[in-house]
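Start at 1 and go down the list; that is how both ligands and their atoms are numbered.
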Amino acid sequence: MKIMVVGGGGREHAIIRKLKESPEAEIIYALPGNGGIAADAECVPIAATDIDGIVKFARETGIDYAVVAPDDPLVMGCVDALEARGIPCFGPRANAAVIEGSKVFAKNLMKKYGIPTAAYETFDNADAALRYLETAPLPIVIKADGLALGKGVIIAQTREEARQAVIGMMREGQFGKSGNRVVIEEFLTGPEVSVLSFTDGHTLVPMVSSMDHKRAGDGDTGLNTGGMGTIAPNPFYTENVARECMDRIFLPTIRAMREEGRPFKGCLYFGLMITPDGPRVIEYNCRFGDPETQVVLPLLESDLLTVMRAVTEEKLAETEVRFSDRSAACVIMASRGYPVSYEKGYEITIPPEILPHVYIAGAKISDGKLVTSGGRVLGVTAVEDSLPEAIRKAYEMTDRINFGNAFCRRDIGARALRAL
Ligand code: AMP
Ligand code: GLY
C-alpha cells in the first residue's frame, strides 16, 4: 500500500516508524515531514494545511491510505476532502474534529450529555465576560474557543490577570478569531492523565495511559509548552479510575457525538484531571497527542495499519488492539529559549545505536547535515520493564545526543515515580 501521513513533528515520526513495521506498508510519504523523518519516509514539501495540495498529491500518486495527524488540517476538513476523492483516511471529519476546534462546542456537549467536566460559562461579549469576572471565584481558568497553538488557556490567580486575559483574547485579538468567544471555567486540581483512544464511532479502545509535562521548567515551573516529556503508563490511572472513565466519559462521549450526527472516527484524546471528586475532562483533542504518541505507540504490539484501517472501516470491535505491559519514557530535547525565542541551525549528533529511539520534531537537512530548525527538536524514548528503568535509560541516551543550545527537563516522570 502507498501510505501518506500528513504532518511533520515528533508525533508523525512515531506514527511513521510504527506504520513501517506493517508488512502491507510499501512506501510512506510524509507531508511535509522533516529532516529526521526523511530517514523513514519520503518527505514531500506540501504544508499540512494546504488541503488542495494534499488532495492533488494523493490523487496523482495513487495513495491507498491517508493518516491526517495534526489538529488544523482535521478541523479544516482535510479528511472530508480526501474522502470525497475516494481516499480512505484515518482521522475525524471536520464536523467531529470540532470537539477540539471549539471549546464552547466541547463544553456544551459535556453539559448536554452529563459528562463530568469543570463548571463553566461561555461568552461572546467582552463586557459580559469582564462583569462575570468581578465576582467569579479565584483562581479561574480562561480559554479561547478555537485553536491557539496550545497557548489559549490562561490560569489567572488574580482578578487583574483574568481581566487581562479576556481583554487580550476578546478585544485585542491575541489569537485571532479563536478568541472571539471564550470559556471561563472552574479551576480544578489533581494529577493529569492523557488517554488516547482508537474509535470508529461505535467501539472505543483506550490506548495505554500517559502523562505529559507541559511546563518548560523542572518542578512544573515556567511557561506552558507543547509538552517537554511523557511517561506511560500513568500510575494515577488506576483500574478503578479507568472503569469510571470508560462508563462516565469515554463511551458517553462517542455516543453523544453519534447522537449529534457527528460520529467521531480516528484517535480521540481525553485530557483528564483526577480530582478529589473523580475524573473530569479538561480537554478533548481530535488527534494523537504530541509527545504522548512517542510513548504510547512504542508500546503497541498490534499492527498499527491494521488497527487504523479497522477504524476507517468501522470494524474495530472485531480487531485486536494489544499493548505491552512494559513502561516507556520520552524526554524532549529543545532549543534553549523555547517556547519564546531561540536560535536554530545547530548541527545535531546522534550515536547510530540511539537513532531508533529518537523521534525528530524540529530539524532539517542543510548541506547534508541534520540541523535544528525548531523549538522542540527531538524526543528520546526508552521502553523498559519498569518506569524507573525507562526514565533512567531515556536520560542516559539523551545525554549522548548533542546540538547547540540544547536543553531538557531533568525531572520527566518524577511525579509519577513518587506515586508508585
Ligand atoms: P489545555 O490547552 O486545554 O490542554 O490546557 C492547558 C493546561 O491548563 C492543562 O493541561 C491543565 O494543566 C490546565 N488546565 C486547563 N483547564 C484547567 C482547569 N479547569 N483547572 C485547572 N487546570 C486547568
Ligand atoms: N501533549 C498535548 C497535546 O498533544 O495536545
For this session: Would you mind listing which atoms of ligand 2 come within a distance below 4.0 Å of any non-hydrogen atom of G289?
Result: 4 (O)
Problem set entry | E292: numbered ligand 2 atoms lying under 4.0 Å from its heavy atoms | 1 (N), 2 (C), 4 (O)
Exercise. Going by the order shown, which atoms of ligand 1 are within less than 4.0 Å of some heavy atom of K214?
Worked result: 4 (O), 10 (O)
Exercise. Which residue and non-hydrogen atom of the protein lie closest to atom 8 (O) of ligand 1, and at what distance in Å?
Worked result: V153 CG1, 3.7 Å
For this session: Flag this pair as yes if the NZ/CZ of R93 is under 6.0 angstrom from the six-membered ring centre of F264 and inside a 45 degree cone about the axis; otherwise no.
Result: no
Seminar exercise, completed: With heavy atoms and a 4.0 Å threshold, my read on which part of R11 contacts ligand 2 is neither
For this session: Answer yes when R171 and D127 have at least one side-chain N-carboxylate O distance shorter than 4.0 Å, and no when they do not.
Result: yes
Exercise. Relative to the heavy atoms of F187, which atoms of ligand 1 are at a distance of less than 4.0 Å?
Worked result: 20 (N), 21 (C)
Exercise. Does a side-chain N-to-carboxylate-O contact under 4.0 Å join E21 and K18?
Worked result: yes
Problem set entry | For E185, the ligand 1 atoms whose distance to one of its heavy atoms is below 4.0 Å | 16 (N), 17 (C), 18 (C), 19 (N)
Exercise. Measuring to protein heavy atoms, does anything land under 4.0 Å from atom 13 (C) of ligand 1?
Worked result: yes
For this session: Let me see the working for Y269 and Y284 under ring pair (Phe, Tyr, Trp, His ring centres under 6.0 Å), right down to the final yes or no.
Result: CA-CA 6 Å; Y269 166 132; Y284 292 115; 9.6 Å; no
Exercise. Which protein non-hydrogen atom lies closest to atom 21 (C) of ligand 1, naming both residue and atom, and how far is it?
Worked result: L188 O, 3.2 Å
Exercise. In the protein, what heavy atom is nearest to atom 16 (N) of ligand 1, and what distance, to one decimal place, separates them?
Worked result: K143 NZ, 3.1 Å
Exercise. Would you say the ring centroid of Y29 lies under 6.0 angstrom from that of F57?
Worked result: yes
For this session: Identify, by atom number and element, the atoms of ligand 2 in contact range of D212, meaning under 4.0 Å from any of its heavy atoms.
Result: 1 (N), 2 (C)
Exercise. Does the gap between the ring centers of Y65 and F90 come in under 6.0 Å?
Worked result: no
Problem set entry | Under-4.0 Å salt bridge between D40 and K20 | yes
Exercise. Does the N or O separation between E192 and ligand 1 drop below 3.5 Å for any pair?
Worked result: yes
For this session: Considering only NZ, NE, NH1 and NH2 on the basic side and carboxylate oxygens on the acidic side, decide whether R410 and D399 come within less than 4.0 Å.
Result: yes
Problem set entry | side chain to side chain donor-acceptor pair (under 3.5 Å), paired with T117, selected from E186, E185, K107 | K107
Exercise. Taking NZ, NE, NH1 and NH2 as the nitrogens, is one of them in E260 or R262 under 4.0 Å from a carboxylate oxygen of the other?
Worked result: no
Exercise. Does any N/O atom on D290 come nearer than 3.5 Å to any N/O atom on ligand 2?
Worked result: yes
For this session: State plainly whether the residues E396 and R392 are in salt-bridge range, i.e. N to O under 4.0 Å.
Result: yes
Seminar exercise, completed: Honestly, for T189 the part within reach of ligand 1 (heavy atoms, under 4.0 Å) is neither
Exercise. So which bit of N285 gets within less than 4.0 Å of ligand 2, heavy atoms only: side chain, backbone, both or neither?
Worked result: side chain
For this session: List the closest protein heavy-atom neighbour of atom 5 (O) of ligand 2: residue, atom name, distance to the nearest 0.1 Å.
Result: R287 NH2, 2.9 Å
Exercise. Any idea which protein heavy atom is nearest atom 17 (C) of ligand 1, and the distance to it?
Worked result: I282 CD1, 3.7 Å
Exercise. Of all the heavy atoms in G227, does at least one lie under 4.0 Å from an atom in ligand 2?
Worked result: no
For this session: With atom 4 (O) of ligand 1 as the reference point, say which of E186, E283, K103 has the nearest heavy atom.
Result: E283
For this session: Please tell me if the side chains of I231 and L387 come closer than 4.5 Å, counting only heavy atoms from C-beta onward.
Result: yes
Exercise. Is the shortest side-chain N to carboxylate O distance from R163 to E160 below 4.0 Å?
Worked result: yes
Exercise. At a 4.0 Å cut-off, with the gap strictly under it, does some heavy atom of G226 reach an atom of ligand 2?
Worked result: yes
For this session: Mark the output for F288 as yes if a heavy-atom distance to ligand 2 is under 4.0 Å, and as no if none is.
Result: no
Problem set entry | N or O pair under 3.5 Å between E283 and ligand 2 | no
